[in-house]
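The model shown is predicted, which means the values in this text are computed figures rather than measured ones. Counting starts at 1 for both ligands and their atoms, in listed order.
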Amino acid sequence: MSVAAGIEDQTILAFDSLAARYDDLFTRSMIGRAQRGAVWAVLIDAFVPGSHILELNCGTGEDALFLAQHDVSVVACDASERMIETARQRMQAEDPEAPIQFELLPTEHLSRLRPKELFDGAFSNFSGLNCVADLSQTARDLAALVTMRAPVLVCLSTRFCLSEMIWFVLHGDFRKAFRRSSGVAIAKVGDFAVKVHYPTLRAVKRMFAPSFLLRSCRGIGIAVPPSYLEPMIRKYPRVLSVLRLIDRGISRLPWFRTIGDHMLLCFERVEA
Ligand SMILES: C[S@@+](CC[C@H](N)C(=O)[O-])C[C@H]1O[C@@H](n2cnc3c(N)ncnc32)[C@H](O)[C@@H]1O
């Protein structure tokens, strides 16, 4: 581990190695689109046109490009040089005038960001923050970067994913079924091992206090399964529409919201 950076070297190497394939594997997958669509519905309510926001762990820039289309300007950061390169290439090809600034910056180094003015909000999608060991520090750094009352949206992998448990138990793979349960697991990404943290809703709420108050939480990918089940969903595309509808109905219910593949937490910056 690189102690100075506070981020695992393997994590950066893993995402560097994934960058060129990430959009094919996840962004453009049916499951990826379904889960992201559910997040976008909330994003578009939270970040009004004209606002200026900070995105953490932006990957290949899919969300930044989406927000830019809705007149939201974005400073989008990621620790992986290849992800940032891919994001910049996508912007050049898809929307060269988009109000997006891509920055190579690990979340652990957020305090090095020196914006001219505070952000109107912040956002992290699809588990980038599960790779960060100390979310309390991230919350403190974010508190110094956003305006009072700013929305901060965080989409994390959950500790307990029911569809994952059922799938792997049915396939006799108990290790995979319960891989998240201890709170930390090693995920293999190509040749690299990524340390992934699975904090509970209560733990994230505690780590974001006192500068952030949890306003809402919803499940993302409850009936819609994790993306590794894409081959099965492709065989039965109509099933996905039904699963999306189910998710829409249950995503805010107390128990269901934390047993999906991801949970989307909406915080508000408040006086500490
Ligand atoms: C699963 S991808 C999600 C990417 C993007 N947010 C999306 O919605 O498609 C996780 C991203 O987090 C980034 N990441 C992982 N650890 C990080 C860290 N400590 N600091 C900044 N970025 C990190 C990875 O490089 C990768 O781009």
Residue portion contacting ligand 1 (non-hydrogen atoms closer than 4.0 Å) for C77: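 Neither part.
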Residue part near ligand 1, for F15, under 4.0 Å between non-hydrogen atoms: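 Near ligand 1, F15 shows its side chain, while the N, CA, C and O stay back.
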So, is [X] polar-close to ligand 1, with some N/O to N/O distance under 3.5 Å?
X    : result
A79  : yes
T11  : no
D78  : yes
E108 : yes
Y22  : yes

Validation row, ring centre F168 to ring centre Y228 under 6.0 Å: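 Yes, the ring of F168 comes within the 6.0 Å limit of the ring of Y228, centre to centre.
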Centroid-centroid distance, Y22 to F15, less than 6.0 Å: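 Not close enough - the centres of the two rings lie 6.0 Å or further apart.
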Residue, atom name and distance, where the atom is the protein heavy atom closest to atom 8 (O) of ligand 1: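 Sorting protein heavy atoms by distance from atom 8 (O) of ligand 1 puts R36 NH1, 3.0 Å first.
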E62 touching ligand 1 at heavy-atom level, < 4.0 angstrom: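 It does not; every heavy atom stays at 4.0 Å or beyond.
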Proximity flag C58 to ligand 1, non-hydrogen atoms under 4.0 Å: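 So C58 counts as touching ligand 1.
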